Amino acid sequence: MRYWPDFIPPALAAHWFDELRDTVAWEAQRRPMYDRIVDVPRLVASYRFDDDGVPAPLVEARMRLREHLREPFNAVGLNFYRDGHDSVAPHGDKLHMLVPRHPIALLSLGAARRMTIRAKAPHREVVHLDLEPGSLLVMSHASQLTHEHGIPKTREPVGPRISLAYRLRPPKAAR
Ligand SMILES: O=C(O)CCC(=O)C(=O)O
């Protein structure tokens, strides 16, 4: 995994945050967990770049990522953490939904949130990383097998955050 704290200049990151917050059709999802249906604790959205109507900030961010990483990302998943109650549980991305050997690029906008990255190997070493607005975290495909990542809830007062997760999906995979 590699981290660039100021990949997007602050004013542009703030502008993208406002535009995406106000224009994306955010979805509140529910999903089965054991014997219950629970709310997904954040809002989500997703786009394939062969769809029409992809918001301009997502297209521009993809151009910058392509220049920087030389990766042909074709999909982006968005997460909107409204406050410290919103979170994503520790997980690795589902490998059958990714083209092998291509990384995942996470761009952060809005308030900084802390990511926990934990090795799956026996000592389960942990790294905590504050994902600053405008930052880029690139996770290799292989790291999805060896590590889990998540954004825990926090009692600290935190503002809203949007993350953009760029991926190369196989042609028939969902977003
Ligand atoms: O919000 C983040 O930075 C993490 C998002 C994430 O783990 C995911 O979309 O799978």
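Remember, it's 1-based here, ligands and their atoms both numbered in the order they're listed. Please read all numbers here as calculations on a predicted model, not as lab measurements.
With sequence neighbours excluded, the residues that form a side chain to side chain contact (heavy atoms under 4.5 Å, CB included) with Arg114 are His128, Asp130. Judged as a side chain to side chain contact (heavy atoms under 4.5 Å, CB included), and not counting sequence neighbours, the contacts of Glu148 are Pro90, Lys120, Arg124.
If you look at Arg42 next to ligand 1, there are no close heavy atoms at all, none under 4.0 Å. By the criterion of a heavy-atom distance under 4.0 Å, neither the backbone nor the side chain of Arg113 is placed next to ligand 1.
Among all non-hydrogen protein atoms, the one lying nearest atom 3 (O) of ligand 1 is Arg161 NH2, 2.8 Å. His91 NE2, 2.9 Å is the protein heavy atom nearest to atom 10 (O) of ligand 1. For atom 9 (O) of ligand 1, the closest non-hydrogen atom of the protein is Asn79 ND2, 3.1 Å. Scanning all protein heavy atoms for the shortest distance to atom 8 (C) of ligand 1 gives Arg167 NH2, 3.6 Å.
Here His149 contributes atom NE2 and Ser143 contributes atom OG; the two are 8.0 Å apart, rounded to the nearest 0.5 Å. Rounded to the nearest 0.5 angstrom, Ser135 OG and Leu107 CG are separated by 7.5 Å. Rounded to the nearest 0.5 angstrom, Arg82 CZ and Ile162 CD1 are separated by 12.0 Å. Going from atom CD1 of Ile8 over to atom CG of Leu136 covers 8.0 Å, rounded to the nearest 0.5 Å.
Listed by atom number, the atoms of ligand 1 under 4.0 Å from Tyr81 heavy atoms are 1 (O), 2 (C), 4 (C), 5 (C). For ligand 1 and Leu131, the ligand atoms under 4.0 Å from any heavy atom of the residue are 3 (O). Every atom of ligand 1 with a heavy atom of Asp93 under 4.0 Å away is listed here by number and element: 10 (O).
Ring geometry for Phe80 versus Phe17: interplanar angle over 60°, hence perpendicular rather than tilted (30 to 60°).
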